[in-house]
Every structure is written in C-alpha cells, then in structure tokens.
Amino acid sequence: MSTLLAGIDFEAPSDEVARLLIGVTVLVDGVGGRIVETEAYDREDPASHAFSGPTARNASMFGPPAHTYVYRSYGIHWCLNFVCREAGHGAGVLIRAIEPLVGLDVMRARRGLEAATLLGSGPGRLCQALAITREHNAMSLAAPPFELVAREGDVDIVAGPRIGITKAMDVPWRFGLRGSPHLSKPFKVTKPA
DNA sequence: CATAGGATTCCCT
DNA sequence: GGGAATCCTATGA
C-alpha cells in the first residue's frame, strides 16, 4: 500500500517524508512557494503531539496520510503539518519554512507592512502568508485548495535538532535546503545530511 | 547582533 | 492552572 503525491509516499516514516518534502512546492488557493524547511514527528516521540495518544486537538494526526494537521501554537499562530504513515499511526511533518514564489503581493498583504520581508520563514509566518487556519485542518493535500508540485532535480539537504521543543532535543529530525536564505534559523551543520 | 518579555488560546493534569 | 512544534518589538552592547 502507498499514498503517492508529488512523487512522495506519505505512508513512509515521517523523517523520510520530511526529507523528501524539501524542494516540493506547496500552493494554497494558488498562493505559496517551495518548501525549504521541515521537521518530523512520530508516535513514539516525546516531542510529538501524538505521543500521548489521540486527543481532540491531534485527531487529524491519526487520520489518513497526505492530509493536513493544523494546530494553534502559543495561542496566537497556526502551524501546518502533513500527516504520514498509515491512518491511525499518528505521525506528521511540520512545514517550517517556504521560499515564497507565487502570489507575493497577496502574502505580503496578509503578513502586514511591518514584516513584509519574512513571508514564509517560520511555521507561524507561512501559515499567515498562506491564510491557513483551523478550517484547513484534516484536509486532503490531493485536492483544492491544496496543490503539491514535485521537485525537479536533486536538492542539497542538511539536518539538525528540532526547534522550540523541550523533549528529545537530540533527535536530528529537522531538515533544510542547504544555504537557503528562507530558513527560519540557520543550520549549524554544513555537511550533507 | 543578542537577549528578553509579552501576546493569547486551547488542551491536559 | 500551567505550558505550548512561535513571533514581534524593544532594549542594550
């Protein structure tokens, strides 16, 4: 069994999907850009929302793969995840940063004048730029308003520890496009992942 | 450039 | 009641 989308099998382990997503273009209502930073979370992962089993908040993480899991962060921001593994497993990939490509003016307007340059460099920022809210939770990535475009050619990927967590801080499940100016934070490692 | 503190909602203990 | 997969602004070096 597999759930293929943009050349990626979303039933694969989350760290593999997180790696494959680097370079993939994501559009929401025709606005978006290229994914340059992701983080993997899994069921047996103390830093994951899925660690303590299904709850009202993380229910979609236990739903079918290649669907979204959108949650409220720090009471202010929205964060976008892509569900992976088989339905019921409870794994996902946090989309942490995109390189803005399509609909720049729309994204700038959504982000506001003060921060118009940081359109997608951070999970909260990219959700604001793409107008992601709770309404986008548990939606299929294979149907509108979502659209994934497979990456072309090879990408140079770096890995490192995940950001903003207090558990399992030694697990190197943050992935990024090497040298991208659109990363939320730089990677310390400069060798191939 | 680095650090610090506040904003604000929802879930879990 | 506490803490969270964050972001923005202000302040001081």
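Note that these values count all heavy atoms, side chains included, but never hydrogens, waters or copies made by symmetry. Proteins come first, then strands; the chains are lettered A, B, ... in the order of their sequence lines, and each starts at number 1.
Residue-level contact check: A:I165 touches the backbone only, with heavy atoms under 4.0 Å from sugar-phosphate atoms and none from bases. As judged by a 4.0 angstrom heavy-atom cut-off over every strand, A:S184 is placed among residues making no nucleic acid contact. A:M169 comes within 4.0 angstrom of nothing in the nucleic acid, heavy atoms only. Residue contacts for A:N81: at a heavy-atom cut-off of 4.0 Å it reaches a base atom on one of the strands shown.
By the side-chain hydrogen bond (donor to acceptor under 3.5 Å, both in side chains) test, A:T3 is found to be paired with A:E11, residues two or more places apart in sequence or in another chain being considered.
Minimum atom distance to the side chain of A:I163 is reached by C:dT6, of the listed B:dT8, C:dC8, C:dT6. Side-chain proximity of A:H49 to the nucleotides C:dA4, C:dC7, B:dC12 is greatest for C:dA4. Side-chain atoms of A:P123 lie closest to C:dC7 of the nucleotides C:dC7, B:dC11, C:dA5.
Of the P atoms belonging to C:dG3 and B:dG5, the separation is 16 Å, rounded to the nearest Å.
Here the P atom of nucleotide C:dT6 and the NZ atom of A:K185 are 8 Å apart, to the nearest Å.
Where A:R72 and A:N58 each meet DNA chain B at their nearest nucleotide, the meeting point lying more 5' is that of A:R72.
Under the 3.5 Å distance criterion, with hydrogens and angles disregarded, a donor-acceptor pair is assigned to the side chains of A:S184 and A:E37.
The side-chain tip of A:R162 points at the ring of A:Y41 from less than 6.0 angstrom away and within 45° of straight on.
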